[in-house]
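As structure tokens, the structure follows; a few thoughts come after it.
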Amino acid sequence: MTYALDDDDSEHSHLRDDYFGTHTPPRFGLPDPSTLLVNLARCVVEVLAGVRGLDQLSRWVTDDVYRHLLKRVVIASRARQVTGGVVRRPQLTVGEPRITYPRDTAIEAVVIVHQRSRSRAVAIRLEAFESRWRASAINVL
């Protein structure tokens with residue numbers, strides 16, 4: 001079987017993408033993202049609080065997200081040192097994620113994390129990676 005790889009050959013253009021591109025499964029072939037979103041939101045708040053290691057999230061985030069979170073961890077750690085803050089496990093209540101689907105291979109969600117003194121919104125973008133979801137953006141507001 002031969003593959004037509006000319007740009008002008010629209011009949012076989014789908015073969016070019018399947019043959020050369022990275023296969024990304026459609027949303028319906030991936031696991032339900034709700035549990036991952038809740039766990040990521042909880043873990044990110046715990047990482048920033050200094051009670052969980054960032055390495056525990058490395059499988060579930062892209063390199064860019066990992067570097068972004070690492071910067072936030074360093075800043076939070078320095079702030080605790082300056083103010084004499086003690087590292088304590090935060091008492092968290094995590095709400096249900098609000099999910100939107102901008103594409104079949106991407107999810108954007110907001111998860112509200114309630115603490116004693118305040119509530120925070122954790123915005124997460126998940127993208128399909130092989131046969132699982134991986135966070136390509138995480139912002140704690």
Side-chain angles (χ1 to χ4, degrees), residues 1-7 9-141:
M1 176 177 205
T2 59
Y3 290 98
L5 300 177
D6 295 341
D7 289 335
D9 191 3
S10 61
E11 178 183 341
H12 297 288
S13 64
H14 68 283
L15 295 176
R16 182 175 44 256
D17 293 338
D18 290 344
Y19 186 77
F20 291 108
T22 302
H23 177 65
T24 305
R27 177 176 70 223
F28 52 83
L30 293 167
D32 178 28
S34 298
T35 304
L36 176 60
L37 290 165
V38 168
N39 288 333
L40 273 176
R42 176 187 311 277
C43 290
V44 166
V45 171
E46 290 176 350
V47 164
L48 295 177
V51 296
R52 181 182 293 273
L54 180 57
D55 290 341
Q56 294 178 14
L57 299 179
S58 62
R59 180 177 193 270
W60 301 105
V61 300
T62 62
D63 291 342
D64 289 340
V65 170
Y66 187 88
R67 283 190 295 273
H68 172 74
L69 289 174
L70 183 59
K71 289 176 188 175
R72 296 273 315 255
V73 166
V74 169
I75 291 168
S77 176
R78 287 181 184 161
R80 280 191 298 276
Q81 287 175 350
V82 168
T83 61
V86 179
V87 175
R88 290 192 179 120
R89 181 166 302 280
Q91 299 293 321
L92 303 175
T93 304
V94 182
E96 289 295 316
R98 305 285 186 234
I99 303 172
T100 61
Y101 300 93
R103 294 189 334 235
D104 276 348
T105 59
I107 289 174
E108 293 176 348
V110 174
V111 182
I112 305 297
V113 178
H114 304 280
Q115 295 175 268
R116 287 185 184 179
S117 60
R118 66 179 170 179
S119 295
R120 303 172 109 177
V122 181
I124 302 171
R125 180 179 174 92
L126 298 178
E127 293 186 7
F129 177 73
E130 295 174 354
S131 61
R132 62 186 172 90
W133 294 111
R134 187 166 71 165
S136 60
I138 297 178
N139 290 295
V140 180
L141 309 173

Minimum heavy-atom distance between [X] and [Y], given as atom pair plus value:
{"X": "Val111", "Y": "Gly95", "answer": "CG1-O, 3.6 Å"}
{"X": "Ala41", "Y": "Ile124", "answer": "N-CD1, 4.1 Å"}
{"X": "Ser34", "Y": "Ile99", "answer": "OG-CD1, 3.8 Å"}
{"X": "Gly50", "Y": "Val87", "answer": "O-CG1, 3.4 Å"}
{"X": "Ser131", "Y": "Pro31", "answer": "O-CD, 3.9 Å"}
{"X": "Ile112", "Y": "Ser119", "answer": "CG2-CB, 4.3 Å"}

Quiz item: Are the side chain of Trp60 and the backbone N or O of Ala135 linked by a donor-acceptor pair below 3.5 Å?
Solution: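 Pair absent, no side-chain N/O of Trp60 close to backbone of Ala135.
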Quiz item: Got a sec, which pairs hit salt bridge (Lys or Arg N to Asp or Glu O under 4.0 Å) with one end in residues 89-100, sequence neighbours left out?
Solution: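 The answer is Glu46-Arg89.
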Exercise. Show the numbers, then the answer: is there a side chain to side chain contact (heavy atoms under 4.5 Å, CB included) between Val122 and Asn139?
Key: CA-CA 6 Å; Val122 181; Asn139 290 295; over 6 Å; no
Exercise. State which residue, out of Val44, Leu92, Val38, Thr93, fulfils the side-chain contact (heavy atoms from CB on, under 4.5 Å) condition with Val113.
Key: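 Exactly one option meets the side-chain contact (heavy atoms from CB on, under 4.5 Å) with Val113, and it is Leu92.
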Quiz item: Given Arg134, which of Leu36, Thr62, Leu126 fulfils the side-chain contact (heavy atoms from CB on, under 4.5 Å) condition?
Solution: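 The residue from Leu36, Thr62, Leu126 that satisfies side-chain contact (heavy atoms from CB on, under 4.5 Å) with Arg134 turns out to be Thr62.
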Quiz prompt | side-chain contact (heavy atoms from CB on, under 4.5 Å) partners of Ile75, counting only residues at least two apart | solution = none
From [X] [atom1] over to [Y] [atom2], what is the distance, rounded to the nearest 0.5 angstrom?
{"X": "Glu108", "Y": "Arg103", "atom1": "CD", "atom2": "CZ", "answer": "9.0 Å"}
{"X": "Asp63", "Y": "Leu70", "atom1": "CG", "atom2": "CG", "answer": "12.0 Å"}
{"X": "Leu69", "Y": "Lys71", "atom1": "CG", "atom2": "NZ", "answer": "11.0 Å"}

Quiz item: Hey, mind stepping through Leu54 and Tyr66 against side chain to side chain contact (heavy atoms under 4.5 Å, CB included) and telling me if it holds?
Solution: CA-CA 8 Å; Leu54 180 57; Tyr66 187 88; 3.5 Å; yes
Self-check item: Contact check, side chains of Thr100 and Ile107, non-hydrogen atoms, under 4.5 Å
Solution: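 Of all side-chain heavy-atom pairs linking Ile107 with Thr100, none is under 4.5 Å.
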Quiz item: How about His68 and Ile138: do any of their side-chain heavy atoms sit closer than 4.5 Å?
Solution: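 No, every pair of side-chain atoms sits at 4.5 Å or beyond.
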